[in-house]
Number of protein chains: 2
Amino acid sequence: MTGNSPDFTVSLRAAGLRPTRQRVALARVLFEGGHRHVTAESLHAEVKATRMPVSLATVYNTLNQFREAGLLREVVVAPGRSYFDTNTGHHHHFFVETDGELHDFPSDEVTIAGLPTPPEGTKLSRVDVIVRVRR
Amino acid sequence: MTGNSPDFTVSLRAAGLRPTRQRVALARVLFEGGHRHVTAESLHAEVKATRMPVSLATVYNTLNQFREAGLLREVVVAPGRSYFDTNTGHHHHFFVETDGELHDFPSDEVTIAGLPTPPEGTKLSRVDVIVRVRR
DNA sequence: CAATAACTTAGAACGGTTCTAAGGTTCTTG
DNA sequence: CAAGAACCTTAGAACCGTTCTAAGTTATTG
């Protein structure tokens with residue numbers, strides 16, 4: 001019980017999700033290394049390479065459940081493509097428009113001053129900064 | 001020739017686009033009042049209400065051409081939906097997540113300091129700030 | 001006003017995402 | 001540890017916003 005790899009069973013259960021074979025396999029691919037940016041398709045390809053059969057529908061379901069559970073954050077940079085980011089902390093993004101790459105940068109070096117107050121009856125949810133660059 | 005409404009024929013021609021009935025009708029809906037945020041569907045509904053027949057394909061074509069010509073700016077806030085903004089100047093957005101509304105706010109009151117330098121071999125294209133709020 | 005190039009159109013196609021309904025897995029309870 | 005219940009996964013269909021296709025139409029040019 002003193003294994004040296006993170007126990008995804010525990011974190012999944014903590015998120016209210018049964019630790020099924022598929023979800024554990026996906027969690028491993030997503031969270032075992034450093035921070036990742038994946039699309040449903042790219043994650044599907046990766047998990048299939050581990051020889052654990054997971055359908056594309058399950059990849060979509062799981063990404064959405066992980067996002068709802070706060071384990072992932074969705075980043076929308078271009079129409080028709082959703083990225084999921086395993087870094088759920090405060091940070092912003094570089095987006096290389098010419099090749100679709102997404103990179104994090106920490107938000108603690110960035111100061112945003114003078115933001116107007118939200119419209120009546122709304123409360124702040126998040127501030128996204130996307131720095132778009134081209135090659 | 002000294003009419004008091006903008007001459008879209010001229011601006012379309014300046015953008016390298018023939019001033020067809022459809023494009024003029026769309027330009028009128030888009031640019032005749034103040035700044036607008038539209039989707040292809042919403043613009044299609046509006047222009048049809050003027051009793052000028054325009055197909056949805058033409059709305060898409062025209063929005064893309066106007067964007068390429070710098071007459072519009074595309075704003076990506078949520079997966080699977082593109083907004084086009086008639087305000088092409090420097091400004092940022094409020095996005096009311098709970099009902100899909102988009103509002104401009106001027107960028108000159110906002111200061112963003114400490115942005116990291118773009119990755120090697122890339123040059124800055126634009127910095128988007130999206131302030132997400134909920135009701 | 002004819003010839004040409006550009007444009008519009010309906011409908012099909014497309015790509016990413018969600019839904020459906022059937023079967024399989026995990027959990028709970030005794 | 002068996003059995004039922006709840007939950008999950010799956011293939012394939014459906015869906016939705018967008019783009020493509022091929023044919024007909026319109027603006028421009030000479």
Side-chain angles (χ1 to χ4, degrees), chain A residues 7-29 37-48 50-69 71-72 74-84 100 102, chain B residues 7-29 37-48 50-69 71-72 74-84 100 102:
Chain A
D7 189 347
F8 295 112
T9 295
V10 167
S11 33
L12 286 173
R13 239 187 275 269
L17 300 166
R18 284 190 181 170
T20 63
R21 304 158 181 286
Q22 287 82 355
R23 295 211 270 231
V24 170
L26 289 167
R28 267 205 278 262
V29 172
H37 295 121
V38 301
T39 63
E41 290 287 353
S42 77
L43 180 58
H44 188 220
E46 274 192 81
V47 77
K48 274 202 305 194
T50 70
R51 318 202 45 65
M52 169 74 203
V54 183
S55 72
L56 185 55
T58 294
V59 173
Y60 275 104
N61 291 340
T62 304
L63 283 172
N64 287 142
Q65 291 152 353
F66 283 10
R67 184 202 40 199
E68 281 153 27
L71 268 33
L72 290 176
E74 191 167 9
V75 187
V76 184
V77 281
R81 168 159 275 179
S82 257
Y83 289 80
F84 289 87
L102 194 62
Chain B
D7 188 347
F8 294 112
T9 295
V10 168
S11 34
L12 286 173
R13 240 188 274 272
L17 299 167
R18 284 190 182 173
T20 63
R21 304 159 181 288
Q22 288 80 357
R23 295 210 268 232
V24 171
L26 289 167
R28 267 206 278 264
V29 173
H37 294 120
V38 302
T39 63
E41 290 286 354
S42 76
L43 180 59
H44 187 220
E46 273 192 81
V47 77
K48 274 201 305 195
T50 71
R51 316 202 47 62
M52 168 75 202
V54 182
S55 73
L56 185 56
T58 294
V59 173
Y60 275 105
N61 291 339
T62 304
L63 283 172
N64 287 143
Q65 291 152 353
F66 283 10
R67 185 203 40 202
E68 281 154 27
L71 269 34
L72 290 175
E74 191 167 7
V75 187
V76 184
V77 282
R81 167 159 275 179
S82 258
Y83 288 82
F84 289 86
L102 194 61

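A quick note: this is a predicted structure, and the numbers were derived from the prediction, not measured. Just the heavy atoms: all of them, side chains too, but no hydrogens, waters or symmetry mates, feed the values below.
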If the cut-off is 4.0 Å, is A:Arg18 near the phosphate of D:dT9, judged by side-chain N/O to OP1 or OP2? no
Could you check whether B:Pro19 gets within reach of a base, just the sugar-phosphate, or nothing at all, counting any heavy atom under 4.0 Å? sugar-phosphate
Which part of the nucleic acid, if any, lies within contact of A:Thr20, taking any heavy atom under 4.0 Å across all strands shown: a base, the sugar-phosphate backbone alone, or nothing? sugar-phosphate
Phosphate-side-chain proximity, B:Arg13 and D:dT28, N/O vs OP1/OP2 below 4.0 Å: yes
Whole Å only: how far is the CZ atom of B:Arg23 from the C1' atom of C:dC7? 6 Å
Nearest whole angstrom, please: distance from the C1' of C:dG16 to the OH of A:Tyr83. 13 Å
When all nucleic acid strands are considered with a 4.0 Å heavy-atom cut-off, which category describes B:Pro53: base, sugar-phosphate, or nothing? sugar-phosphate
Would you classify A:Asn64 as touching base, sugar-phosphate or nothing, given that sugar-phosphate means primed atoms plus P, OP1 and OP2, and contacts are heavy atoms under 4.0 Å? sugar-phosphate
Ranking A:Thr39 and B:Val59 by the position along DNA chain C of their nearest nucleotide, the one closer to 5' is B:Val59
Value in whole Å for how far the P atom of D:dT18 lies from CZ of B:Arg67: 11 Å
Rounding to an integer number of Å, can you tell me how far A:Tyr60 OH sits from D:dG12 P? 17 Å
Between B:Leu17 (CG) and C:dC7 (P), how many Å, whole number? 7 Å
With side-chain contact (heavy atoms from CB on, under 4.5 Å) as the test, would you mind laying out the steps for A:His44 and A:Thr39 before giving the verdict? CA-CA 8 Å; A:His44 188 220; A:Thr39 63; over 6 Å; no
Can you confirm whether B:Arg81 is buried at CZ, in the sense that more than 12 heavy atoms of other residues, nucleotides or ligands lie under 6.0 Å from that atom? no
Within the pair A:Gln22 and D:dT10, is there a side-chain N or O less than 4.0 Å away from OP1 or OP2? yes
To the nearest Å, how far apart are A:Phe84 CZ and C:dT17 C1'? 10 Å
To the nearest angstrom, the CE-C1' distance between A:Met52 and C:dG24 comes to 12 Å
Between A:Arg81 and B:Thr62, the residue closer to the 5' end of DNA chain C by nearest nucleotide is B:Thr62
Rounded to the Å, how far apart are B:Glu41 CD and D:dC16 C1'? 9 Å
Taking for each residue the nucleotide of DNA chain D with the nearest heavy atom, is it A:Ser55 or B:Ala40 whose nucleotide lies nearer the 5' end? A:Ser55
